[in-house]
Amino acid sequence: MIDYDKHLSKTVQNISPSGIRKFFDILDVMENVTSLTVGQPDFATPWHIREAAIDSLSAGKTYYTSNAGLAALREEIAKYQKRRFSLDYNGASEIISTVGGSEAIDLAMRALIDPGDEVIVPVPSFVCYGPIASLAGGVPVYVELEEKDNFTLTPEKLERAITPKTKLLVLPFPNNPTGSIMGRDELEKIAEVLRGRDIFVLSDEIYAELTYKDRHVSIASLEGMRERTVIASGFSKAYAMTGWRLGYTLAPKEITKQMLKIHQYAIMCSPTTSQYAGIEALKFGDEDIEYMKDEYDRRRLYIVNRLKNAGFECYEPLGAFYVFPNIGKFGLTSEEFCTRLLYEDRLAIVPGTAFGKCGEGYARISYAYSVKHIGEAIDKLAEFAQKLIREGRAK
Amino acid sequence: MDILLEMLEKDARLTPEQIAIMTKKDKGDIKAAIDAYEKDGIILGYKALVNWDKTEREYISAVIELKVTPQKERGFEKIAEKIYNYPEVRDLYLMSGAYDFQVIIEGRTLREVASFVADRLATIDGVISTATHFVLKKYKNNGCIFKTPEKDERVNTI
């Protein structure tokens, strides 16, 4: 019998599985559960985009594309970024079409990190940054964001986290799970800390289209930042295209050249059918984005209002499609709260600790659901809160 | 308040309170606006879209093209009025092109529809001809695709 622990990669083995695996194990087998857990749009991909993919298949476009992706796709990505976020990237030399935003994150980490390099990861945030940094030989350094700062990264916190080994800062905004965003002024303060230092930025802008007050600002658009920034973005959230696995990197050509080597050997190219769908989305999908964003915005206002009326303290999220209510007053851990809610009222929301220890005292609620579904779910949550209050739990 | 109409057109079951929250407006103002729309005949009604094919009830609909002679002074209006007052008529449009009125009829049986066309429509003064097309299958009506809603197949991701 092989002693797998002895032989399998220590790096991989040392990556801890999600801290709340137990909760998801229960959730996955339980039936008749009302869920507010899903981290993807409830819209199907707009029909004209699906049709473009079907047409490409009908026309027999079933081959690999060039490693970086179809030239037409990269050209459209460049135009789109210019049109919607005033960013200038050269389609031919500064853009790689990737297998979702996730691969874009992986490419950036692997192209930038040498063993021992430190990667600053603000938490709570999407769970992939630390593990991917570790796989690249880096050392994740977690910086805990707080509700009092609207879950943004402050320059003071950044300064404190920087060491001579710091190589990369991850900026995960608009943020999953908090729904927080960082505006131009806040980013400028971060940029001020980074200028003159050899620290790069990985800006994960997968939710860039889903902001509800001001348009998303990329740190790459601030003075002196483009040269040190890799933007990871994609189609999943903006066009409801999660299953297509289509994303991209935007980075100076020197970085892009190195990332392309990794992409070339590990991936070859992103799915050809998805790339054709992507071209259609970029050319004719602006209205789809607006339509879905308006829908999310109404649900956002609705769910925040309902949560507040149900007695939850809730920071107003300004991006993505999540709310991150504070459940600390009920005197249960996040996991206890969510597990009881699941068992007793068959409602599923995600414990904040799924996104880092500092998510303790919070829960993530997705509003990528119909208003009817949200309303019924919050009714249940409100009843649960009342029950906890009757138990004398709420402070 | 176009947004109010758009929201209600998509989901007439939204309550004034829900709409008020979602549009950051006052509940009373939303109620008043809806009342005004109803009064002015801008909002004409709220109905469920029923797929009768999935029920036991017999059901048939037909599209009828009518050619008519417009009447002096009143043009098409008088004839239109005679047609649309029949409860069997679900939709009535004055059309450009090869015929004048498009009438959409709903009935329980083919015989019921046929006799309505023969006895009621064809006999109206000014009607020159009728052409009846029975609907074989409904795929989409009022923006709604006639199929069973799909189960939410999204997996629990974080």
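In what follows, every chain begins at residue 1, and chains take the letters A, B, ... in the order their sequences are listed.
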Under 3.5 Å, is there a donor on one side chain and an acceptor on the other for B:Y46 and B:E38? yes
Any side-chain donor near an acceptor of the partner, A:T353 and A:E360, under 3.5 Å: no
With a 4.5 Å heavy-atom cut-off (strictly below), which parts of residues 11-24 of chain B touch chain A? List them by number. B:L14, B:Q18, B:I21, B:M22, B:K24
What is the minimum heavy-atom distance between B:R108 and B:E112, and which atoms define it? N-OE2, 3.2 Å
Contact part of A:A368 toward chain B, heavy-atom cut-off under 4.5 Å: side chain, backbone, both or neither? both
Is it true that atom NZ of B:K72 has more than 12 heavy atoms of other residues, nucleotides or ligands lying nearer than 6.0 Å? no
Would A:E316 and A:K213 pass as an ion pair if we require N to O under 4.0 Å? no
Which residues in residues 300-314 of chain A have any heavy atom lying under 4.5 Å from a heavy atom of chain B? A:L301, A:Y302, A:N305
A:Y367 vs A:Y212 aromatic rings, parallel, tilted or perpendicular, using cut-offs 30° and 60°? tilted
Counting only non-hydrogen atoms closer than 4.5 Å, does A:F355 touch chain B with its backbone (N, CA, C, O), its side chain (CB onward), both, or neither? side chain
Modelled atom types, side-chain donor and acceptor of A:D204 and A:Y129, under 3.5 Å: yes
A:L342 and A:I26: CA distance, side-chain angles, deciding distance, side-chain contact (heavy atoms from CB on, under 4.5 Å) verdict: CA-CA 9 Å; A:L342 184 59; A:I26 300 167; 3.9 Å; yes
Are there over 12 heavy-atom neighbours, none belonging to B:E9, within less than 6.0 Å of that residue's CD? no
Check the surroundings of atom CG in B:D125: do more than 12 heavy atoms from other residues, nucleotides or ligands lie under 6.0 Å from it? no
Find the one option among A:V371, A:N176, A:V350 whose heavy-atom pairs under 4.5 Å with chain B are most numerous. A:V371
Under 3.5 Å, side-chain donor or acceptor atoms of residues 137-150 of chain B against the rest of the protein: list the pairs with distances, not counting sequence neighbours.
from: B:K138; atom 1: NZ; to: B:Y59; atom 2: OH; distance (Å): 2.9
from: B:T148; atom 1: OG1; to: B:K54; atom 2: NZ; distance (Å): 2.6

Among residues 40-50 of chain A, which residues come closer than 4.5 Å to chain B, judged by heavy atom distances? A:Q40, A:P41, A:D42
Can B:I79 and B:D100 be said to form a side-chain contact (heavy atoms from CB on, under 4.5 Å), step by step? CA-CA 11 Å; B:I79 301 174; B:D100 302 304; over 6 Å; no
When the ring planes of A:Y207 and A:F321 are compared, do they come out parallel, tilted or perpendicular, using 30° and 60° as the limits? perpendicular
B:E81 with B:R74: basic N within carboxylate O range, under 4.0 Å: yes
For A:S366, is it the side chain, the backbone, both, or neither that has a heavy atom closer than 4.5 Å to a heavy atom of chain B? neither
With a 4.0 Å cut-off, would you call A:K380 and A:E376 a salt bridge? no
